[in-house]
Amino acid sequence: MTSRGEPVAHAPGFVANDTPRIVTSRFDYEDSYTLARYEATGGYQGLRKALARSPEDVHAEVRNATLLGRGGAGFPAGVKWGFCPPGTWPRYLVVNGDESEPGTYKDRLLMELDPHQLIEGCVIACYAVGLSQCFLYIRGEMAVAQERVAQALNDAYAAGYVGKNILGSDLSVDIVLHWGAGAYVVGEETALIESLEGNRGMPRLKPPYFPASIGLYGQPTIVNNVETLANLPWILDNGAEAFCQIGTASSPGTRMVAVSGHVKRPGVYEIVNGTTTFRDLIYGESMCGGIRDDNDLKAFVPGGGSAPWFTPDQLDLPFEASEIGPQGSMLGSGAVMVMDHTTDIPAAALTLTRFYAHESCGKCVPCREGGTWLEQILRRVVDGTGTARDLDLLMEVGETICPGEFPHAAVPAKGLTAKPFPYRMTTICFVGPSAFAPVHSALTLFREEFEAKVAGNTDMSVSEVVINV
Amino acid sequence: MAFFDDSNRALAAEIIARYPRPRSAMIPLLHLAQEQHGWIPDEAMVEIAELVGTTSAEVLGTCSFYEMFKRHEVGNYVINVCSTMSCALMGAADLLHHLEGRLGIKAGGTTSDGMFTIEAAECQAACTEAPCLQVNYRHRYRVTPEMADQLIDDLASGALDGEIPRHGILARTRQHIPADRAVGAVPPELVNEAPVWFPTEEGSS
Amino acid sequence: MTDAPPSVVHVTIDGVEVEAQPGEMVIAAALRAGVHIPHFCYHPRMSPVGMCRMCLVDIDGGRGPMLQPSCMVPVADGMSVDTGSAATKRAQEGILELLLVNHPLDCPVCDKGGECPLQDQTVAYGPGESRFVEEKRHYEKPIPISDLVHLDRERCILCDRCTRFADEVAGDALIHFTERGNETQVLTFPDEPFSSYFSGNTVQICPVGALTAAPYRFKARPWDLDQVESTCTTCSVGCRVAVQSSRNQLVRYLGVDIDPVNHGWLCDRGRFDFEAVNSDARLTVPVMRDPSDDQQLVGTDWSTALAAAAQAIAAARPGAVGIIGGARLTNEDAYAWSKLARSVIGTDNVDAQLGDGLPAEVVLGLPGATIDEACAADVVLVIGPDLKESLPILHLRLRAAARRGTQVVELTAAASGIADYARTIFAAPGTAAVELARLLDSDDPLAHTLTHGRVVVVLGRGSLAESAQPTIDAAAVVRSRMPGATFLPALVRGNVRGALDMGLAPGILPGRVNLSDGAAVSKVWGSLLSQPGLDTTGMLEAAANGRIDTLILLGADPIADFPDRGLAERALAGAGTVIALDTFVTESVARADIVLPTSTYGEKGGTTTNLEGRVSRLGQKVTAPGTVRDDWMIAADLASRLGGDLGVASAEDLWREITTVSAAHADCTVEVLTSDAAQDGILITGGSIVADLGEPAEPPAVDAYALRLVAGRKLYDNATSVQQSPSLAGLAVGPVLTMNPTDMARLGLHDGERADVRSARTSVVLSVVGSDAVPRGVVAVPFNQPGGTVSSLIDVTSTVTDVAVEVRGGGR
Ligand SMILES: Cc1cc2nc3c(=O)[nH]c(=O)nc-3n(C[C@H](O)[C@H](O)[C@H](O)COP(=O)(O)O)c2cc1C
Ligand code: SF4
Ligand code: FES
């Protein structure tokens, strides 16, 4: 009954289109992950060029490229690198390969299909910022990525791209491969550091806001996302100027976006940053090709499970943070989840809320207790045993997690005007608010579906989305 | 009684040496224990505590935080059916129920022959390939009930032995840092100046 | 160019401008300004974790008010804090509602009910009613996580206080968060209980009733409790405590936070040994040997017993009265006995120490240091007992200092309980001075810090199988090579410092002066003796040789506590009449002729002095059982029966007299002592004694075949206060011999095996375990353990004790 796109043989999920390809350029090759293929396709050229320049110069090139972090927060990498306090050594690099945000699928592809590109990016970053050791943290549930990166690292060491005196230069850095063990919150950078120190992956207090000042073992630590680092070889090879030619000045280059859910051709697309719109992505012929069975679009999550939802009213917004924020959501980790008109909205919200409640690290009371309570209330609403009072209770529990106005999109037909992102929160990290975001979006945008549920009218639900676990 | 066998104890030493602080090796060593034994018994945590210089209670604290570490016996094949948003939208519930029916167990359970465990799992970073599942953390994409049945048959018959090792064995390729290329761990207490390639006077930009 | 950091920042809290220290958290600054911000996880003596989110308040750092956790946000100049804003109130209500979501409503049967921060804050800040209708989390009801502590996981609100304490403060990370998210729970590892010497603190700091202490469970309800502040006299650290009673029974001690000493912490022995005070085995009436009843000890009345005692003292030959003990006394008691001995009995044979310390001139005559000074030093050099076992809270203070950068070094024969944060430098018994000199001559960077930095030496007896001489020699090396170093005496027993300060040591008078310097004292006491008397060893030797006619034991049990058991036994047998003042029938008391029952901790007021020389007040909470009396009253009564007059009618009179005879105590008047400022205790610094350490002696020769014995104390031992406290009695480890695994292999010994241990004196059978904490050539056996004693091996006249260890014929 559901239509699915065609599986791609050796690059599951990736769909090539006609945009310039920076990080996915080797994805069409059967042997894209080998050192031979990498070297034959311009691999390690960026590193060679970097080593011919001073670290400071390389840092400046990255700063000039305005390479926005691809892990979710979208902070420019070059600027973040500059936050390391001068004179404090050693400094470390931690690569965030923990990809677990619902809807997100790109870093795993980059690690499985082009691990050398990531390794080269790591070495360039270490050179530019004076980072003495690199830890490449790969999510535990990614056995194939772990194997591919391990093999690539072994080959890169043997070929002199990693380790002592890289390519005959003074640069000497080890990259240590580290596997996670299954906990979403560990993707949060301070939790990642805790995990890397052998602890429970519980986020650290802020301030300091960036581990660049106090990170791994209390030392300056740069945490970057896999995709962020994978851009570096291209930038060093082709220059910041060429990079900035693609996309817009504030969001240059490309980014990988996974589109999942009810579209005709779900897949991972490398799109032009800043200019591509959600309509291009969801309806474009070279991209997702529209909603499955030509159904109507009901809502979509624009930036991973934590992001407040959009409706068709926001389809023409571009992938540009400065435009998405004021409209009440965020671009997050490049994950668009599409719901067609058959979707049982309260049930969909429950699926996401359950995820965040389950993944709470347990540190903050509002997240640990509030997230689970939200899930419990929502579950009875979905089961048809809830009451109208439960709908208010949902919002009030949410108010304890995120006091004040919560961002949401404009829906003129419902008289809603946009409330800009971000929100305020009583928790340490975003997991707590993320448990509430789907509840808030669903309840604000589709309150009538909830009311129908508590009134005992369950005809609304067409697709079964809840898994009672 | 020691838990690790000789070759794993040597491997453990090699892993610990990569990190600036031994404690950082805790998760890798828990993986190693699970690789050796299929799951993590108490004796493993006691030995890991000794190896990294902490208490068993701390090792338990870390171990129990992470989903993948099993402190009780599980099947040779742990089948994780993704049940988060994108897969749920694409019929993950049907897939899970189908597998439960086929194997005669509920999510969280293990078949009596010790072959299969099914779990309802969270997002597996394969959202475009929904509904998906993993067998011992190796993906299967856009899984139909027929594909699921075939998978069970193949696992049971050993047809997939080459691709999917038994539970506990994660990556079959390990990192090995050759001694002549290794830079070595950089513990903070041993370093207080910039690395040699880095100009000591930091730029003003 | 950086400006010097400001020494003070100005913040506005609820409209009032407040001065705060840079780096101070908003919650602490507010509290000092009298504004209480509700909280659960925050604890001023531990690092903030920001878990409970109860302390959220509106903080405006310049960009408008924002709800922020005040336990995590440091003050900044110009910051404005509103703890009563609508947003704050809403957040507090919301957080409390969430905390109660899974908290059982069993307050009426909960030990914490009535003194529960969660209950109190719910009343003060909470929502009116709960809207939570779901099933709460369920766990098995209280599970014992150690012999002393029970855990009810349903009540736990996961504030991380106990777990943080265990890891950060105590260094015993035996309880930990397990599982994740809503399933998170505190647990121990299976079969590895939370056996920490400090476990009771977790009960005290738990903000709900999740952790309860076995000795207190269901004993009393908060509203039945009476409380008085006091000072713990279990060891000489002198932790501040609140003593609580119910129906004239001691039921609980709680640590009180004072800056200079204990920071609110107590060790479990100090916390739970009140059980001994309540013991049915207490002596309640005087007892004497009955010639008509086979010399059994039988009960009598006070006048008979005192008359007999006075008669025995009066009948003694000149110089043939000896008085041993004093650590269990208050300062006032000690002073009364000091005066009785010198001015009425006419003997200087007095000694509060039991041959287990250092000569009084050394303790009193070296430049002193405080605990705070030690914690602020560059290096703390420990030449003394295992601090974790003997002075547990000093160990916690040093551990915290080490975490902040103070280097702690121990010069020791066997690695001690502080080795996890201290650097251990081994010095075989008898060689501390040589090893210290060797270290100072080496190019070890520590040598430079020791000679040039701020150094505090913690000085005491590391082993009772070694005489005091090697420690004195090491101190001599410190004095000559490390002139800036100051000393913190590692005296271990209760008020031994106070007793010494009151002159309960041969040749020493109240106020830390020598006999020759006694002008002020003699004004009140009359003429003084000119010759110093005998110390405890001297008295016991004299008694063993029939030269002591009357031996008085002031709460002292030389048979158990004197290093040389053989000598102590011979002395008690050889002394004419033995008079014991005590609370229980100890091994020594059982051999006394006249036994006078005394009051004890919690039953009397007065003052005590800690190892720094800090005087603080004791609180009286319960009335003593039977007809027992305070030690000073007994002294006063004996004085009049002996034709003298101590001239005092109360403990306060005694203190007034102390401040007149002792220049050191002159400023510490009764008024000062009873003022609020005295909560931290009053540090006494005066005194005119200068220690003459002499030249280091040649270290004893090493016998290559022998093993050198180390005998140190454990926290839990055969002391009556432990053995009479049911909760603690079972915790003593027993007499196990620890030796280096290499030596074990050489001797063909295996872990757990029984071995013959033979010294020049005798031989005993002990079980053996291997450990690298003990270097080769050394064996360690804990002192005074139930089930076997090591002191019979020790000869107090030799500097060190060598033993031979052999596999026991056949037996495992
Ligand atoms: C709850 C949570 C989960 C996150 N998960 C991930 C993740 O899986 N991968 C990732 O790269 N960043 C994740 N982030 C973002 C990281 O904290 C961090 O911002 C990022 O790794 C920085 O890299 P970038 O600057 O290159 O984007 C997460 C953040 C939060 C709050
Ligand atoms: S918000 Fe949730 S996941 Fe994040 S630190 Fe707090 S409890 Fe942990
Ligand atoms: S006291 Fe501040 S978060 Fe708990």
Side-chain angles (χ1 to χ4, degrees), chain A residues 2 4 7 12-13 55-56 60 86 89-90 99-100 102-105 108 130 132-133 140-141 143-144 146-147 150-151 153-154 157 163-164 170-174 176-177 179 181-184 196-201 217 219 258 260-262 266-268 305 337 351-352 355 464-465 467 469, chain B residues 18 20-21 23-24 26-28 31 52 61-62 65-69 83-86 88-93 96 107 120 122-130 134 137-138 141-142 170-178 181-183 186 188 191-199 202-203 205:
Chain A
T2 51
R4 299 185 162 90
E56 219 186 332
W89 308 99
E99 187 169 63
S100 343
T104 313
Y105 175 27
R108 182 166 70 85
S132 301
Q133 198 174 0
E141 298 100 327
V144 174
Q146 290 156 10
E147 287 176 349
Q151 188 59 52
L153 274 172
N154 291 347
Y157 264 99
K164 212 182 267 177
D170 276 351
L171 174 63
S172 296
V173 192
D174 272 342
V176 174
L177 179 58
W179 312 334
Y184 158 75
L196 197 49
E197 290 185 3
N199 301 331
R200 298 161 61 79
Y217 317 120
Q219 294 299 119
S260 58
H262 301 150
V268 184
M337 291 181 281
T351 313
L352 281 174
F355 173 86
E464 147 98 72
V465 299
I467 299 194
V469 284
Chain B
R18 283 178 200 160
R21 303 261 166 91
R23 192 187 167 110
S24 283
M26 189 149 16
I27 291 175
H31 275 307
V52 306
T62 296
F65 186 87
Y66 297 94
E67 213 78 49
M68 290 171 72
F69 295 136
S83 53
T84 316
M85 184 74 162
S86 309
L89 287 172
M90 300 302 285
L96 181 65
E122 301 295 9
C123 182
Q124 301 175 340
C127 311
T128 65
E129 311 310 295
Q134 291 188 317
Y137 308 105
R138 285 154 202 278
Y141 303 114
R142 305 193 185 196
L170 206 48
R172 289 159 305 178
T173 312
R174 276 189 182 281
Q175 177 178 23
H176 280 294
I177 303 182
R181 299 275 315 123
V183 182
V186 187
V191 178
N192 47 23
E193 47 194 51
V196 283
W197 74 86
F198 201 76
E202 285 198 63
S205 55

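Residue numbers start from 1 in every chain, and the chains themselves are labelled A, B, ... in the order their sequence lines are given, proteins ahead of strands.
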Side chain, backbone, both or neither: which part of A:Thr104 has an atom under 4.5 Å from a heavy atom of chain B?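 Contact with chain B involves the backbone of A:Thr104 alone.
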Please report the C-alpha distance between A:Val173 and B:Trp197 in whole Å, then the side-chain angles of each, then the deciding distance to 0.1 Å, and finally whether the side-chain contact (heavy atoms from CB on, under 4.5 Å) criterion is met. CA-CA 11 Å; A:Val173 192; B:Trp197 74 86; 3.9 Å; yes
Which heavy atom of [X] sits nearest a heavy atom of [Y], and at what distance?
X	Y	answer
A:Met337	B:Ser86	SD-OG, 3.4 Å
A:Pro266	B:Thr128	CB-O, 3.6 Å
A:Tyr217	B:Pro188	CB-CG, 3.7 Å

For the interface with chain B, which of [options] has the highest count of heavy-atom pairs at distances below 4.5 Å?
options	value
A:Gln219, A:Gln146, A:Glu147	A:Glu147
A:Leu177, A:Asp170, A:Asp174	A:Asp174
A:Ala183, A:Gly140, A:Gly130, A:Ser132	A:Gly130
A:Ala181, A:Ala150, A:Ala143	A:Ala181
A:Ser100, A:Pro102, A:Gly305	A:Pro102

Could you tell me which residues satisfy side chain to side chain donor-acceptor pair (under 3.5 Å) with B:Thr62, sequence neighbours excluded, listed by chain and number?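 Per chain and number, B:Thr62 pairs via side chain to side chain donor-acceptor pair (under 3.5 Å) with no residue.
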Apply side-chain contact (heavy atoms from CB on, under 4.5 Å) to B:Arg21 and A:Glu197, showing your working. CA-CA 8 Å; B:Arg21 303 261 166 91; A:Glu197 290 185 3; over 6 Å; no
Salt bridge (Lys or Arg N to Asp or Glu O under 4.0 Å) with A:Glu99: which residues, sequence neighbours excluded?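 Testing A:Glu99 for salt bridge (Lys or Arg N to Asp or Glu O under 4.0 Å), a comparison that skips the adjacent residues, returns none.
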Kindly determine whether B:Met90 and A:His262 satisfy side-chain contact (heavy atoms from CB on, under 4.5 Å), including the steps that lead there. CA-CA 7 Å; B:Met90 300 302 285; A:His262 301 150; 3.7 Å; yes
Can you tell me if A:Tyr184 uses its side chain to pair, donor with acceptor, with the backbone of B:Cys123 under 3.5 Å?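 Answer holds: no.
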Any side-chain to backbone donor/acceptor pair from B:Ser24 onto A:Leu196? Under 3.5 Å, distance only.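 Here the side-chain-to-backbone pair exists.
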Please rank B:Ile27, B:Val191, B:Val52 by heavy-atom pairs under 4.5 Å with chain A and give me the top one.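 Maximum pair count with chain A is reached by B:Val191.
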Looking at B:Arg18, B:Met26, B:His31, which one has more heavy-atom pairs under 4.5 Å with chain A than the rest?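 Going by pairs under 4.5 Å, I would pick B:His31.
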For the residue pair A:Glu141 and B:Met68, establish whether any side-chain heavy-atom pair is separated by less than 4.5 Å.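 Yes, at least one pair of side-chain atoms sits under 4.5 Å.
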Test applied, side chain to side chain contact (heavy atoms under 4.5 Å, CB included); reference residue, A:Leu153; option that passes from B:Gln175, B:His176, B:Arg174: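 Of B:Gln175, B:His176, B:Arg174, side chain to side chain contact (heavy atoms under 4.5 Å, CB included) with A:Leu153 is met by B:Gln175 alone.
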Side chain, backbone, both or neither: which part of B:Leu170 has an atom under 4.5 Å from a heavy atom of chain A?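 Both the backbone and the side chain of B:Leu170 come within 4.5 Å of chain A.
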